[in-house]
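Being a predicted model, the structure only gives us computed values, none of them experimental.
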Amino acid sequence: QVQLVESGGGLVQAGGSLRLSCAASGRTFSNYAMGWFRQAPEKEREFVATITWSGSRTYYADSVKGRFTISRGDAKNTVYLQMNSLKPEDTAVYYCAAKSGGSYYYTRLEYDYWGQGTQVTVSS
């Protein structure tokens with residue numbers, strides 16, 4: 001079993017920055033790709049970014065490319081999402097997810113474990 005806990009959400013003005021963190025724990029947390037998804041009110045949960053276990057490969061949704069950066073800590077059990085140049089349309093609950101495997105994954109149904117989410121609100 002893997003537990004994921006997100007933190008770092010909050011309220012920020014348009015053009016500002018936030019960094020989200022996701023801490024993973026579990027007896028055998030090894031070889032897991034990680035992803036960030038988000039869900040705005042009355043919308044489906046959508047892919048934001050993903051990173052391989054090694055951290056060597058990343059993939060982003062077109063809507064955040066060039067503004068958001070996903071990374072892993074040295075111990076690989078922490079994943080970050082640096083969000084710059086935030087826009088009001090980035091407002092959503094952001095979820096961290098883990099998927100066993102050596103590649104990266106951008107489909108919601110592929111992921112095995114999910115965090116509880118953290119709210120990001122961008123004011124105009």
Side-chain angles (χ1 to χ4, degrees):
Q1 190 74 6
V2 172
Q3 294 81 41
L4 303 174
V5 178
E6 303 98 333
S7 60
L11 173 64
V12 64
Q13 288 189 332
S17 298
L18 280 176
R19 189 175 85 152
L20 305 183
S21 299
C22 173
S25 62
R27 280 201 306 170
T28 57
F29 187 73
S30 177
N31 200 37
Y32 277 86
M34 301 293 289
W36 286 97
F37 290 74
R38 65 187 182 186
Q39 188 167 16
E42 299 182 0
K43 291 191 176 181
E44 290 192 356
R45 193 170 299 187
E46 65 175 7
F47 167 75
V48 175
T50 181
I51 189 167
T52 55
W53 168 252
S54 67
S56 62
R57 288 186 293 160
T58 58
Y59 185 74
Y60 297 91
D62 287 343
S63 58
V64 306
K65 203 173 294 183
R67 299 188 299 122
F68 291 11
T69 302
I70 188 171
S71 62
R72 300 189 83 124
D74 289 342
K76 292 190 171 59
N77 63 341
T78 303
V79 175
Y80 305 99
L81 186 68
Q82 178 66 44
M83 305 186 295
N84 298 329
S85 302
L86 282 161
K87 305 174 181 180
E89 51 264 44
D90 294 318
T91 294
V93 176
Y94 283 71
Y95 296 90
C96 172
K99 157 70 180 169
S100 179
S103 183
Y104 58 64
Y105 309 90
Y106 49 87
T107 304
R108 178 170 53 91
L109 294 179
E110 293 184 282
Y111 280 82
D112 304 311
Y113 300 100
W114 292 85
Q116 82 289 350
T118 185
Q119 176 70 47
V120 171
T121 303
V122 184
S123 63
S124 57

| task | Could you list the residues that satisfy salt bridge (Lys or Arg N to Asp or Glu O under 4.0 Å) with R45, not counting sequence neighbours? | result |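 Result, salt bridge (Lys or Arg N to Asp or Glu O under 4.0 Å) vs R45: none returned.
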Once rounded to the nearest 0.5 Å, what's the spacing between atom [atom1] of [X] and atom [atom2] of [Y]?
X   : Y   : atom1 : atom2 : result
K65 : Y59 : NZ    : OH    : 6.0 Å
T58 : R72 : OG1   : CZ    : 12.0 Å
S56 : I51 : OG    : CD1   : 8.0 Å

| said: For Y113, is the OH atom crowded, meaning more than 12 foreign heavy atoms sit under 6.0 Å from it? | reply: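 Yes.
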Least distance between heavy atoms, [X] atom then [Y] atom:
X    : Y    : answer
Q119 : A92  : NE2-O, 3.4 Å
V48  : V64  : O-CG2, 3.5 Å
M34  : C22  : CE-SG, 4.0 Å
S100 : D112 : N-OD2, 3.1 Å
K43  : Q39  : O-NE2, 3.1 Å
G8   : L18  : O-CD2, 3.9 Å

Residues in ring-ring contact (aromatic ring centres under 6.0 Å, His included) contact with [X], at least two apart in sequence or another chain:
X    : answer
Y105 : none
F37  : F47, Y111, W114
Y60  : none

| Counting only N and O atoms by type, is there a donor-acceptor contact under 3.5 Å from the side chain of E6 to the main-chain atoms of C96? |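 Answer holds: yes.
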| said: Test your reading of the model: is there a side-chain donor-acceptor pair from T52 to the backbone of R57, 3.5 Å cut-off? | reply: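 Yes, T52 side chain to R57 backbone: donor-acceptor pair under 3.5 Å.
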| Of T118, V120, I70, the residue whose pairing with L81 passes side chain to side chain contact (heavy atoms under 4.5 Å, CB included) |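 Result for side chain to side chain contact (heavy atoms under 4.5 Å, CB included) with L81: I70.
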| message | Suppose the criterion is ring pair (Phe, Tyr, Trp, His ring centres under 6.0 Å): which pairs have a residue in residues 77-97, not counting sequence neighbours? | response |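 Sorted result for residues 77-97: empty, none.
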| Within residues 82-91 or reaching into it, pairs that qualify as side chain to side chain donor-acceptor pair (under 3.5 Å) - sequence neighbours excluded |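 Those involving residues 82-91 are S17-N84, R38-D90, R67-D90, Q82-N84.
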| field | Plane angle bin for F29 and Y32 - parallel if under 30°, tilted between 30 and 60°, otherwise perpendicular | value |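 The rings of Y32 and F29 lie parallel, inter-plane angle below 30°.
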| Transitively linked via ILVMFWY side-chain contacts under 4.5 Å: V12 with W36? |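 Same cluster: V12 reaches W36 through Ile, Leu, Val, Met, Phe, Trp or Tyr contacts under 4.5 Å.
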| Would you call M83 and L20 a side-chain contact if the rule is heavy atoms closer than 4.5 Å? |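 Answer yes - side chains close enough.
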